[in-house]
Amino acid sequence: MNKELKDIVLAKCNERENQGYDSLRDSDIMDILEECERKQIKITRKELEQLGMD
């Protein structure tokens, strides 16, 4: 996973932990994808699959 994507994922995970949750929801993954699109970060199919597995 590239560093920019990893930073976005970690930020979302930290946000969820601060809210008292221990996992990401489907809507969180959509937020991550939207953030990648906004920042023009390319995401591979493998990275997308990894997001869905956690």
State whether the number of non-hydrogen atoms from other residues, nucleotides or ligands found under 6.0 Å of [X] atom [atom1] is greater than 12.
X     : atom1 : result
Glu15 : CD    : yes
Gln19 : CD    : yes
Asn14 : CG    : yes
Asn18 : CG    : yes

To the closest 0.5 Å, what do you measure between [atom1] ([X]) and [atom2] ([Y])?
X     : Y     : atom1 : atom2 : value
Ile8  : Glu34 : CD1   : CD    : 11.5 Å
Glu4  : Lys42 : CD    : NZ    : 12.0 Å
Asn2  : Ile41 : CG    : CD1   : 6.5 Å
Asp7  : Lys39 : CG    : NZ    : 8.0 Å
Met30 : Lys12 : CE    : NZ    : 12.0 Å
Leu33 : Glu47 : CG    : CD    : 11.0 Å

Stepwise salt bridge (charged side-chain N to carboxylate O under 4.0 Å, His left out) test for Glu49 and Lys46: CA-CA 5 Å; Glu49 290 171 352; Lys46 182 178 178 182; over 6 Å; no
For Leu5 against Ile43, the heavy-atom pair lying closest together: CD2-CD1, 3.8 Å
Validation row: Arg16, Leu24 side chains within 4.5 angstrom (heavy atoms): yes
